[in-house]
S.K.: 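Just passing along the structure, written as structure tokens.
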Amino acid sequence: MEKTRYNQKDIAVVGLMIALVFIGTFYFKIPTAFGYTHLGDCMIILATCLLGTKKGAIAGALGAGLADFIGGYTAWVLPTMAFKAAWVLVMGFIAFKLFKNFKYNLWIGAIIGGLVHIALYTLIKIPMFGLAYALSTLLTLSLQTLSGIILGNILYGLMKNKIRLEAV
């Protein structure tokens, strides 16, 4: 089993990305009929592009989970943490393992991971609130996920030559 060591810089950078995910989720939210949609997902994509799979999953799970907890959506804390981490793990596997030499690897990984994200949230809503509710939120969830993918990848494209961080 490989042991991962994190230095002070890693901890600080992951902490900053946790904060950005939290801010994007908690403060930049748009109310909808069934809750809210937010900009936190683009920060999760950005974190994954900049920091890699493991650190991106930590930043996404903790930042989004903290936003749900502080926002009073306590029933969603654990599912949110699991689903955001799953999105990043799928994205990272596809982008950094399967298609690591392909030009659009981050886009493909984010889209396929985003489909997993949408499916997981929709599936958990069925036992929690019923099929009608789960299906009625599918459009806003899909738009939030898609906008997160687009904005996150655009931000990364603008930043990748300016910031030197290792993505592993």
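The first residue of the sequence shown is numbered 1, and numbering continues consecutively from there. All of these numbers come straight from a predicted model, not from anything done at the bench. Side chains included, hydrogens not; waters and symmetry mates left out as well; all remaining heavy atoms used.
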S.K.: Output a table of donor-acceptor pairs, distance under 3.5 Å, between side-chain atoms of residues 58-67 and any protein atom two or more places apart or on a different chain; print 'none' if there are none.
M.R.:
none

S.K.: Got a sec, which residues hit side chain to side chain contact (heavy atoms under 4.5 Å, CB included) with L146, two or more places apart in sequence or on another chain?
M.R.: I150
S.K.: How is the hydrophobic cluster of L143 composed, in terms of its other members, when Ile, Leu, Val, Met, Phe, Trp and Tyr link through side-chain heavy atoms under 4.5 Å apart, directly or indirectly?
M.R.: L139
S.K.: Holding to ring-ring contact (aromatic ring centres under 6.0 Å, His included), I want the full list of residues that pass it with F99, two or more places apart in sequence or in another chain.
M.R.: none
S.K.: Nearest 0.5 Å please: distance from the NZ atom of K29 over to the OG1 atom of T25.
M.R.: 9.0 Å
S.K.: Once ring-ring contact (aromatic ring centres under 6.0 Å, His included) is applied, do any residues pair with Y73, and if so which ones, sequence neighbours excluded?
M.R.: Y36
S.K.: Between the side chain of W87 and the main-chain N/O of A110, is any donor-acceptor distance below 3.5 Å?
M.R.: yes
S.K.: For residues 56-67, which residue pairs pass the side-chain hydrogen bond (donor to acceptor under 3.5 Å, both in side chains) check, not counting sequence neighbours?
M.R.: none
S.K.: How long is the span from the CD1 atom in I108 to the CZ atom in F102, to the nearest 0.5 Å?
M.R.: 4.5 Å
S.K.: Quick one: side chains of residues 88-97, donor-acceptor pairs under 3.5 Å with protein atoms, not counting sequence neighbours, listed by atom name and distance.
M.R.:
none

S.K.: Quick check: does any side chain N or O of T80 sit under 3.5 Å from a backbone N or O of V77, one acting as donor and the other as acceptor?
M.R.: no
S.K.: Are more than 12 heavy atoms from other residues, nucleotides or ligands located less than 6.0 Å from atom CZ of F129?
M.R.: yes
S.K.: Could I get the full list of side chain to side chain contact (heavy atoms under 4.5 Å, CB included) partners for N7, not counting sequence neighbours?
M.R.: K9, D10
S.K.: Rounded to the nearest 0.5 Å, what separation is found between the CD1 atom of I45 and the CD1 atom of I154?
M.R.: 12.5 Å
S.K.: Return all side-chain donor-acceptor pairs below 3.5 angstrom for residues 16-23, not counting sequence neighbours, or 'none' if the list is empty.
M.R.:
none

S.K.: Quick one: list whatever passes side chain to side chain contact (heavy atoms under 4.5 Å, CB included) with L123, sequence neighbours left out.
M.R.: I126
S.K.: Decide yes or no for K55 and L50: does some side-chain heavy atom of the first lie under 4.5 Å from some side-chain heavy atom of the second?
M.R.: no
S.K.: Using side chain to side chain contact (heavy atoms under 4.5 Å, CB included) as the criterion, list what pairs up with S147, not counting sequence neighbours.
M.R.: none
S.K.: Quick one: closest heavy-atom pair of T137 and A134, and the distance?
M.R.: OG1-O, 3.1 Å
S.K.: Sequence neighbours excluded, which residues qualify as ring-ring contact (aromatic ring centres under 6.0 Å, His included) partners of W76?
M.R.: Y121
